[in-house]
Amino acid sequence: MRETSWAPSEERAKPKTAPDAATLLAWYDVSARVLPWRVRGSAKPDPYRVWLSEIMLQQTRVETVLPYFAKFLARWPDLISLANARQEEVLSAWAGLGYYARARNLHACARTVSAEYSGRFPEDEAELRRLPGIGAYTAAAISAIAFGRKATPVDGNIERVMSRLFAVEEKLPAAKKALARLAAEMTPAHRAGDFAQALMDLGATICTPKNPACTICPWMESCAARVRGDQQTFPRKIAKAEGRLRKGAAFVVIREDGHILLRTRADKGLLASMTEVPGSEWSADYRASTKAAPLANMAAPLANIKWLKAAETVRHVFTHFPLELTVYTAQAPARTKAPKGMRFVQLRALGDEALPSVMRKVIAHALEFGGKQKSKGRAKK
Ligand code: SF4
């Protein structure tokens, strides 16, 4: 066991052996998850696939990424085809995957690599980090997995594994540097990419946040926290304050000829350039209106339509704050013109729009509410 300032105290039980890369790699050879961007044995990974998967996996679970990865590969099988796509097409294909800055950066990165690197990703971590959307973790992951360079990507999963393996008492986020150093020190010069993926698999499938499956862990004998018996209490963390709840209103206008009123968000900030239904600002002190004209200042074509307020709000949680939207619905006559800066889009063409998850929820909620109102109306007749 290496000497560290955060090592468990003397009276605590200690493992008899130190964790090593070879043990983890032997486990990986028989237990690796089969994923479409991975190769086995001596086959060479495709840097485009590795990069695409790493961008999609940022803050997102593997199961969620799989269908998007397949869709992107079918549509843009290589970097050049993605670079030649229009940004709206990429945003639209990304819709539902969240963290939309990633899609814009993905496209910008494809264009940069195509224009400045003749379509080939650089191998070096530092050079990869200069590309749009590639931070320290992703650069290390691509460098190690796609090119076999000695690099160590460290995310929350790997921090958790390291903190348990060495029973690191220092609290996150201050402990980040120490945890990254521990992971880097364990990384072998040979098979660095497999080591990175083995750590990712271990963190995702065995050393999970709750109830880690220590009895089937390849490092069971050498894990300091497991030997002490308090592995679930790691990593130590400073309690963080939750973002304050923001509220707002969403206005869903459906035209009688099956069109919905939409607009495009500003090209900077949260959900930049994505599609949305018109709505209010989102703020902590928003008060939902009970009056019938929440969009009273909407331009003339829609100034006099009748609004209904859906009984239930729509909730969504962003990284930094939870959001609660009051949904108002209205029906407009066929062929009503859209106010300036907005457009009517056929409901059946919604799949082509870059709609973020929160807006999908709003529209689904409004359509369900509209359906119930219609049935009530019919029942009264
Ligand atoms: S023994 Fe348990 S706590 Fe330790 S690394 Fe393995 S799964 Fe995690």
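Counting starts at 1 for both ligands and their atoms, following the listed order. Nothing here was measured: the structure is a model prediction, and the numbers come from that model.
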Quiz item: Protein N/O/S atoms under 2.8 Å of atom 8 (Fe) of ligand 1?
Solution: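 N, O, S partners closer than 2.8 Å: Cys207 SG.
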Quiz prompt | Donor on one side chain, acceptor on other, Arg104 and Gln87, under 3.5 Å | solution =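 No pair is found: no donor N or O on one side chain lies under 3.5 Å from an acceptor on the other.
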Quiz item: Taking atom types as modelled, is there a side-chain donor on Arg102 or Thr60 under 3.5 Å from an acceptor on the other?
Solution: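 Yes, Thr60 and Arg102 have a side-chain donor paired with an acceptor closer than 3.5 Å.
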Result block: side-chain N/O donor-acceptor pairs under 3.5 angstrom for residues 141-155, not counting sequence neighbours:
{"unit_1": "Ser143", "atom_1": "OG", "unit_2": "Glu123", "atom_2": "O", "d": "2.8"}
{"unit_1": "Lys150", "atom_1": "NZ", "unit_2": "Thr187", "atom_2": "O", "d": "3.4"}
{"unit_1": "Thr152", "atom_1": "OG1", "unit_2": "Thr187", "atom_2": "OG1", "d": "2.7"}
{"unit_1": "Asp155", "atom_1": "OD1", "unit_2": "Asn157", "atom_2": "N", "d": "3.2"}
{"unit_1": "Asp155", "atom_1": "OD1", "unit_2": "Ile158", "atom_2": "N", "d": "3.0"}

Once the angle between the rings of [X] and [Y] is folded into 0 to 90°, is it parallel (under 30°), tilted (30 to 60°) or perpendicular (over 60°)?
| X | Y | value |
| --- | --- | --- |
| Trp94 | Phe72 | perpendicular |
| Trp37 | Phe69 | perpendicular |
| Phe318 | His316 | perpendicular |

